Amino acid sequence: MKQRWPIWLILVHWLTLLVVIGMFSSGLWMTDLTYYSEWYKTAPHWHKSVGLLLLAITLTRLFTRIFTKRPLAFGSKVEQLASKAGHSALYLVLLALFTSGYLISTADGRAIEVFSWFAVPGLGEFIEHQEDLAGEVHFYLAWTLIVLASLHGLAALKHHVVDKDATLKQMLRLHSLNNLRKFS
């Protein structure tokens, strides 16, 4: 059994956390911007650009997870099943969040410019009031993602503090193989 996650997956994991917190915060902040704010156009542009880059990272991460063996799992069978369900829920909510964001941004048929590097084409409006409906879904999905990520973090802390196993250490890369062996 593999003992640790590859370093690049660990870095992507923590980068994703930071980006999700930043996107959530900026999304809440942007809802209060007025037309006369100097950030009225810049903030949504950055939000969409970062969101699409995170989508690319997430899809890469999902694809490579197919070929990457998981490290040693800790906890009961129920906890391991809950872990798999939780991770699946995080990925599904992320993908739904990206989709709803895309539907908001492209309802008028315009492409999304990603930091002026490239454009993701818009497909236009599929349903009446798409921008508003997708915006509502996007808002609730963002909160759902924050709640799921918080539960994920609490579960990792439970493993570390209560169970005293190496689950969190695997994602922090603070352990040695000798320390892991005493948990197996």
Side-chain angles (χ1 to χ4, degrees), residues 1-28 47-105 120 133-184:
M1 176 66 66
K2 185 177 175 171
Q3 299 296 313
R4 13 176 135 211
W5 289 106
I7 189 70
W8 73 269
L9 255 176
I10 292 171
L11 293 172
V12 166
H13 173 272
W14 294 109
L15 174 66
T16 299
L17 172 66
L18 292 174
V19 170
V20 164
I21 291 169
M23 294 290 282
F24 181 75
S25 301
S26 70
L28 289 177
H47 190 84
K48 293 178 220 178
S49 295
V50 171
L52 285 168
L53 294 176
L54 183 59
L55 169 62
I57 290 169
T58 302
L59 292 175
T60 302
R61 187 175 175 190
L62 278 170
F63 181 74
T64 57
R65 281 285 303 268
I66 295 168
F67 303 105
T68 304
K69 287 189 176 184
R70 296 180 59 84
L72 184 63
F74 299 99
S76 68
K77 292 288 183 197
V78 171
E79 286 177 312
Q80 290 179 31
L81 185 60
S83 171
K84 287 181 182 178
H87 282 95
S88 295
L90 282 166
Y91 282 120
L92 285 172
V93 170
L94 264 173
L95 293 172
L97 200 54
F98 297 133
T99 303
S100 63
Y102 175 81
L103 292 173
I104 295 165
S105 301
V120 175
L133 293 171
E136 193 82 10
V137 168
H138 196 71
F139 176 81
Y140 288 110
L141 285 172
W143 276 104
T144 302
L145 181 60
I146 291 300
V147 169
L148 287 173
S150 298
L151 291 173
H152 178 68
L154 288 171
L157 288 173
K158 180 251 183 208
H159 276 281
H160 188 71
V161 174
V162 176
D163 299 340
K164 298 191 185 322
D165 65 33
T167 300
L168 181 59
K169 290 180 181 179
Q170 287 176 334
M171 198 45 81
L172 294 172
R173 206 153 170 105
L174 297 174
H175 57 83
S176 68
L177 291 178
N178 290 334
N179 287 341
L180 268 177
R181 285 193 188 104
K182 71 180 175 184
F183 292 112
S184 25

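Count residues from 1 along the sequence. Keep in mind the model is a prediction, meaning the values are calculated, not measured.
Distance alone, capped at 3.5 Å, places no donor-acceptor pair between the H159 side chain and the K164 backbone. In this structure a side-chain-to-backbone donor-acceptor pair under 3.5 Å is missing from H152 to L148. Between the side chain of S26 and the main chain of M23, a donor-acceptor pair closer than 3.5 Å is present. Between the E79 side chain and the S76 main chain, a donor and an acceptor come within less than 3.5 Å of each other.
Here the straight-line distance linking atom CG of L145 with atom CG of L92 works out to 11.5 Å at 0.5 Å rounding. If you take CG on L133 and CD on E136, they are separated by 8.0 Å, rounding to the nearest 0.5 Å. In this structure, H47 NE2 and F24 CZ are separated by 10.5 Å, a value rounded to the nearest 0.5 Å. Atoms CG and CG, on L54 and L59 in that order, are 9.5 Å from each other to the nearest 0.5 Å. Distance check: I104 CD1 to T99 OG1 gives 11.0 Å after rounding to the nearest 0.5 Å. With rounding to the nearest 0.5 Å, the separation of CG in L55 from CG in L95 is 7.0 Å.
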*Please step through side chain to side chain contact (heavy atoms under 4.5 Å, CB included) for the pair L151 and V147, ending with a clear verdict.*
CA-CA 6 Å; L151 291 173; V147 169; 4.2 Å; yes
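In terms of heavy-atom proximity, H138 sits nearest to S100 at ND1-OG, 2.8 Å. Heavy atoms only, all atoms of each residue included: V93 and L141 are closest at CG1-O, 3.5 Å. Nearest heavy-atom pair, R61 versus Y91, reported as atom, atom and distance to 0.1 Å: NE-OH, 3.1 Å. When every heavy atom of K48 is checked against every heavy atom of S105, the shortest pair comes out as CD-OG, 3.3 Å.
Residue W8 qualifies as enclosed at atom CH2: its count of foreign heavy atoms under 6.0 Å is above 12.
Residues F98 and T58 are in side-chain contact: their nearest non-hydrogen atoms beyond the backbone lie under 4.5 Å apart. Side-chain contact check for V20 versus I146: some heavy-atom pair is nearer than 4.5 Å.
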